[in-house]
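In what follows, chains carry the letters A, B, and so on, assigned in the order in which the sequence lines appear, proteins first and then strands, with residues in each chain numbered from 1. Everything numeric in this text was worked out from a predicted model, so none of it was measured.
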Amino acid sequence: MPAVVARKERCPLCGNRFDAEGQGCRPSCPLATGCKVICCPACGYSFPQETGLAGRLRRLLDRGRASEETR
Amino acid sequence: MTPPAAGGAATRADAPLERKQVVSAARSVILVGNPNVGKSVVFGALTGKYVTVSNYPGTTVEVTRGSATLNGRSWHVMDTPGTNNLLPMSEDEQATRDILLEERDYVAVQVCDAKNLRRGLLLAAQLAEARVPFVLALNMADEAAARGIHIDERRLAEALGVDVVATVAIQRTGLATLAEKLPDARPSRFQPRYDDHIEAALAEIEPMLPSRGGIGRRALAVMALVGDESLRGHLAAALSGPDLALIDGVRRRLAARYPESLRFVISKQRLAAVDRLHDAVLTRGDRSAASTFARRLGAWSTHPVLGVPVLAAVLWACYEFVGVFGAKTAVDFLENKVFYDRLVPWSAGLVRWIVPSGAVQEFLVGPAGVPFREHSGFLVGKYGILSMGLSYGMAIVLPIVTTFFIAFSLLEDSGYLPRLAVMVNRVFKFMGLNGKAVLPMVLGLGCDTMATMTARIMETRKERVIVTLLLALGVPCSAQLAVIFAMLAGVSPAATAWFAAAILLVLFLVGWLAARVIPGRGSDFMLELPPIRLPQAGNVAVKTLARIEWYLREALPLFVLGTLILWGLDRVHGIALLERAAAPVVVGMLDLPKEAASAFILGFLRRDYAAAGLFMHYEPFMKAGTMTREMNIEVTVALVTITLFIPCIANFFMILKERGWKTGAAIAVFILPFSVGVGAAVNLLMRRFY
């Protein structure tokens, strides 16, 4: 099954916020297992979810920004 | 508003302090605002700990309710999901619109991010249109000031006709003033005016609409005009059949006047009114020159004429970065310096050291002293897993797609990508193609397999089949597009023009044919155009990394599989057989070298793998600048054929599953001769006119 993490995502194209659960590739794609690409239900734009290394980098950057803002 | 019944467990005397409860209140306030503007912080500051969280009826959208005592008065407070539009595009937005529609006798607080006043004013304009009494909170005022943004609150309050309060909710600054102003909340006098045709249509249907509910008739009329499907239930409950038919008639007549959807036209005209107000009340400190330029650039990039040079400049920059830097400098370093000068000989040496000489060693890395391209070693050889599979994936395609992903992330983060979608959508609409059908095609640039799945949003089977065909035929995925950029950087500008002309001509032809077959008007499509801004390095890095992870996970195993197939075929002399079998088409019709047959076989696994094979073949000549006229023609013909060629295996399986095997087979049967036919036609024409 797709390796999509159930959380709110914001489409980088149309700005729509949607629940990522169920927006991954269907099992009919032979490469669906482990696939992180999700699809915006409003405009159809597909993009990989920021998980794994990218997710860790995002959290690191967010923490840096948050500590900068509280200073 | 109807607060949940007080009492029960929530009001028992022994209830702990943290117990969630809501008390009845004489007056109600609804918090509305764009996503991520600090609404929940305002809500928490107003209500304290006493809240309930429940799903809005019939949805999975969470709505938080609480109570507050403000200036000695008891208030029921409701926090709504963030929304950008009262014409809903998502379940969250519909929940907010329905709350405003269904609740009674409330006032609203619009929480707006002072750093992004334009987006907030777009919502304020709709609240004004809906005659919702509200107070505007300019939240995060401190951050806006730190960025040199100054908002003339007095002038904004005058223009809107409602109270405007600067707040920093996280520090509770301005919240006392906000609470003081709540009892005086009133409908705004700011009314965006539309063109005469729209105003006439609004005047015609407004009197028919119900006056009940929290949203005024004019806003309901606008929603009805744009054909908001989520409003249909509300209207059907309040209007007679003939009235509904009349509204539909007015809407259809009005829609026929514009090439774009009414949703787009109305939003655009409302945005123009908001922009005027925005520019009148907002000034920027030392950033004004830069922001003015960014605003102008944003406007140019969607302009029907000025947008073309902007698009050309963007494409040229991508071409230079991906095709020249990625495909030449980075590939040269990784392929030669890293793989062929070091990794491949080191690996071969390591295997020879570990594995004793004999049949096993020869099987893995070939006979000693023979260049690896001249033997059939399993790991290191002409079709070796390391020397071909991994080096294609890591040394040739990876640097090219990485530079492409960086360019793509820059476009995404700069705010240009949505504008590109607007431009392309306009071109396809000019051809008469259904807008809903265009989107999966245009946006299939990420992954065609995923885009094939999104063809489900088409209403009829015929539409779904045509969109699937167009996707499989002419829309390259991101990895293939990157390799195309790389190949084009090595040929002459004239050959690039031939390639672009051939692909565009095919797309226009199939688009035109599709427009004849797909009936109906374009469906509504709404994009929030963010301001053009300087991309942030952190965002670009995260987006690029996410794409590279996805690419490595999906593509590398297929590169290895493809190499295994070629290695197996080579062992049984199948490649020579295939090349002979394909020669009438590859050599006879397309005038390509016979080795190109292998590239087409690999193209079925991944099209970028196929293009990488061609890239390898012509790379020495491209680097040396010795590409002949013949080679320019060969590369162009091969690229045209592979771009239009049968979809990759993942996409093909998705087509079979989604559309059924008969349709899938029919699509493949059409595409195979069509792509070769177009390639042959380009070959003939180029040999005569190039």
Side-chain angles (χ1 to χ4, degrees), chain A residues 2-71, chain B residues 35-36 60 81-82 84 89-93 119 143 409 412-413 417-418 421 436 439-447 449-455 457 525-530 536 538-539 541-551 553-554 557-558 649-654 656-658:
Chain A
V4 170
V5 176
R7 67 182 187 203
K8 288 274 179 189
E9 292 287 349
R10 185 182 171 82
C11 173
L13 188 87
C14 72
N16 176 38
R17 280 180 70 82
F18 62 96
D19 203 334
E21 197 170 15
Q23 297 304 329
C25 223
R26 302 296 190 278
S28 45
C29 173
L31 302 176
T33 309
C35 185
K36 299 193 301 182
V37 175
I38 47 175
C39 182
C40 170
C43 71
Y45 187 61
S46 58
F47 56 100
Q49 208 176 20
E50 290 167 5
T51 54
L53 271 180
R56 273 182 225 144
L57 179 62
R58 170 68 73 196
R59 283 195 293 277
L60 198 71
L61 290 170
D62 286 349
R63 269 207 296 274
R65 275 182 202 147
S67 63
E68 231 171 62
E69 279 171 11
T70 50
R71 244 181 262 150
Chain B
N36 303 320
T60 56
N84 293 316
M89 298 286 292
S90 67
E91 198 182 30
D92 278 12
E93 291 189 341
R119 193 162 65 122
E143 290 179 32
S409 302
E412 213 175 66
D413 206 50
L417 208 56
K436 217 175 185 176
L439 282 169
M441 282 177 55
V442 174
L443 307 176
L445 285 172
C447 170
T449 312
M450 174 66 93
T452 300
M453 199 179 76
T454 66
I457 63 173
F525 169 53
M526 198 72 177
L527 271 182
E528 179 194 347
L529 291 181
Q536 296 184 346
N539 282 347
V542 173
K543 286 166 192 272
T544 305
L545 190 57
R547 288 195 165 97
I548 290 173
E549 277 186 279
W550 162 69
Y551 166 78
R553 186 191 290 262
E554 182 174 300
L558 283 176
I649 193 164
N651 195 2
F652 187 64
F653 272 86
M654 179 65 90
L656 292 183
K657 288 276 174 64
E658 291 283 313

Original post:
Hey, does the side chain of Glu549(B) reach the backbone of Leu53(A) with a donor-acceptor pair shorter than 3.5 angstrom?
Top reply: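 Present.
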Original post:
Who passes side-chain hydrogen bond (donor to acceptor under 3.5 Å, both in side chains) against Glu93(B), sequence neighbours left out?
Top reply: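 For Glu93(B) there are no side-chain hydrogen bond (donor to acceptor under 3.5 Å, both in side chains) partners, ignoring immediate neighbours.
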Subject >> Pick from Leu545(B), Val542(B), Ile548(B), Thr544(B) with the largest number of heavy-atom pairs that fall under 4.5 Å of chain A >> reply: Val542(B)
Original post:
Side chain, backbone, both or neither: which part of Arg553(B) has a non-hydrogen atom closer than 4.5 Å to chain A?
Top reply: side chain
Original post:
Under a 4.5 Å cut-off applied to non-hydrogen side-chain atoms, are Trp550(B) and Gln49(A) in contact?
Top reply: no
Original post:
Mind checking whether Pro12(A) and Lys543(B) have side chains closer than 4.5 Å, heavy atoms only?
Top reply: yes
Original post:
Can you name the salt bridge (charged side-chain N to carboxylate O under 4.0 Å, His left out) partners of Glu50(A), sequence neighbours left out?
Top reply: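 Applying salt bridge (charged side-chain N to carboxylate O under 4.0 Å, His left out) to Glu50(A) gives Arg58(A).
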Subject >> Distance (rounded to the nearest 0.5 Å) between Arg547(B) CZ and Phe47(A) CZ >> reply: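 Interatomic distance, Arg547(B) CZ to Phe47(A) CZ, rounded to 0.5 Å: 9.0 Å.
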